[in-house]
2 protein chains.
Amino acid sequence: MRIGELARRAGTTTRTLRHYESLGLLPARRAGNGYRTYDEDDLRLLRQIRVLQEFGFGLEETRPFVECLRAGHPAGDSCPASLEVYRRKLAELDDCIARLRHVREEVGTQLARAEREVAALRAAANVPGGPPAQCALAPPDTGTPPNAESPSDTEMEPSTP
Amino acid sequence: MRIGELARRAGTTTRTLRHYESLGLLPARRAGNGYRTYDEDDLRLLRQIRVLQEFGFGLEETRPFVECLRAGHPAGDSCPASLEVYRRKLAELDDCIARLRHVREEVGTQLARAEREVAALRAAANVPGGPPAQCALAPPDTGTPPNAESPSDTEMEPSTP
DNA sequence: GCTGGCCTTGACGCCCACGTCAACGTCTAC
DNA sequence: GTAGACGTTGACGTGGGCGTCAAGGCCAGC
């Protein structure tokens, strides 16, 4: 089959296939007229690549899987090198998830603090906004780096004529 | 103060500051000789930018915070626009974390399956699989980048005549 | 013969936050 | 006056995975 058909069957583009070939990831035989020629095995390789891509693997990380398949193994992950990539990826994922969770917590904390401060400023400016608003007056601490003061407006523009 | 000093005090580079200026994020006054001139407020803006950057905010996402500070507010997140960015970022983070966890689970499953299959293949090939090899030399796994020897083949070469 | 659809290579564009280099101006100290 | 530390603008490079032309070859059907 030619490049267009392979691309269609794999749900990708010819540009992508040429790119893979330029990396030596998915080399193609050539017909007499110079056209690239692929077979069903190439489709399998390509599908292996795409699946890993969706998992966030870089193209280079898919190489062991592809070479494993090309070496005649039943699956791309039948080879030790592929398992190693799996393990490295797991470690990366764990690390990444941990960092993101940390950031998420930080940002969540900042948002909560900022919302409290905005509410406090609004209350201090006797903006109707709230009923009794018992606990008014700026919570003194809880880790507030900025100096909470200058209660007047609360919107962007400094000038409120 | 001039650009070099600001960069040093903020732990960044002059190139970065020029980049921020080119985005209109941190404009500088100019001295008679054309040198950029900054003050303590600029340092605060810059620190705000850097903190958000470490949280993974894009430069454009820091803009509301910077403008809020420049508008005279006590903190970069004293303005509604900044709070909106916080919230959007939280949603993004949640989404990203969820996707990563899903992928992590998938990859973990694939690894476990592949390891089982490899073990099955090895057993079927009546490979001695090695002695008890309890805790001998070389920790069995837990992230051993180098290929811990080859008990027999199980390497890339198909050669299974 | 001609149109249209497929194919080829080559090369630049994109996104993002800068790094790096070049060629040159400015100021201070000796 | 000269070294050297700082500053200036401009432009290209990086990494990843392609998208998007451009200019042309090959082949089938009418």
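Lettering of chains follows the sequences in order, A, B, ..., and the numbering in each one begins at 1.
Taking the charged nitrogens against the carboxylate oxygens, B:R63 and B:E60 do have a contact shorter than 4.0 Å, which makes a salt bridge. Comment: A:E115 engages B:R87 in a salt bridge, judged by a side-chain N to carboxylate O separation of less than 4.0 angstrom.
Going from atom OH of B:Y35 over to atom P of D:dC6 covers 11 Å, rounded to whole Å. Whole-Å rounding puts the A:L23 CG to D:dG16 P distance at 11 Å. The CZ-C1' distance, from B:R15 to C:dA17, rounds to 9 Å in whole Å. Separating the CG atom of A:N33 from the P atom of C:dT9 is a distance of 11 Å, rounded to the nearest angstrom. Taking atom NE2 of B:H19 as the reference point, atom P of D:dT14 lies 18 Å away to the nearest angstrom. Atom CZ in A:R30 sits about 14 Å away from atom P in D:dC26, given to the nearest Å. The distance from atom CD of A:E60 to atom P of D:dG16 is 9 Å, rounded to the nearest whole Å. Taking atom CD of A:E54 as the reference point, atom P of D:dC18 lies 11 Å away to the nearest angstrom.
Residue B:Y20 has a polar side-chain atom (N or O) positioned under 4.0 Å from OP1 or OP2 of C:dC18. At C:dG19, one or more side-chain N or O atoms of B:T16 fall inside 4.0 Å of OP1 or OP2 (strictly under the cut-off). Between C:dG19 and B:T13, a contact under 4.0 Å exists linking OP1 or OP2 to a side-chain N or O. Close to C:dC16, at under 4.0 Å from its OP1 or OP2, lies no side-chain N or O of B:Q53.
Comparing B:R2 and B:T12 by the nucleotide of DNA chain C that holds the closest heavy atom to each, the one mapping nearer the 5' end is B:T12.
A 6.0 Å sphere centred on CD of B:E105 holds no more than 12 heavy atoms belonging to other residues, nucleotides or ligands.
Nucleic acid contact for B:R8: none, since no nucleic acid atom lies under 4.0 Å from a heavy atom of the residue. The residue A:R18 sits close to a base: some heavy atom pair falls under 4.0 Å.
Not a single donor-acceptor pair under 3.5 Å links the side chain of B:D94 to the backbone N or O of B:A91.
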Going through the distances and angles, do B:R113 and B:T109 end up as a side chain to side chain donor-acceptor pair (under 3.5 Å)? CA-CA 6 Å; B:R113 181 197 45 70; B:T109 302; over 6 Å; no
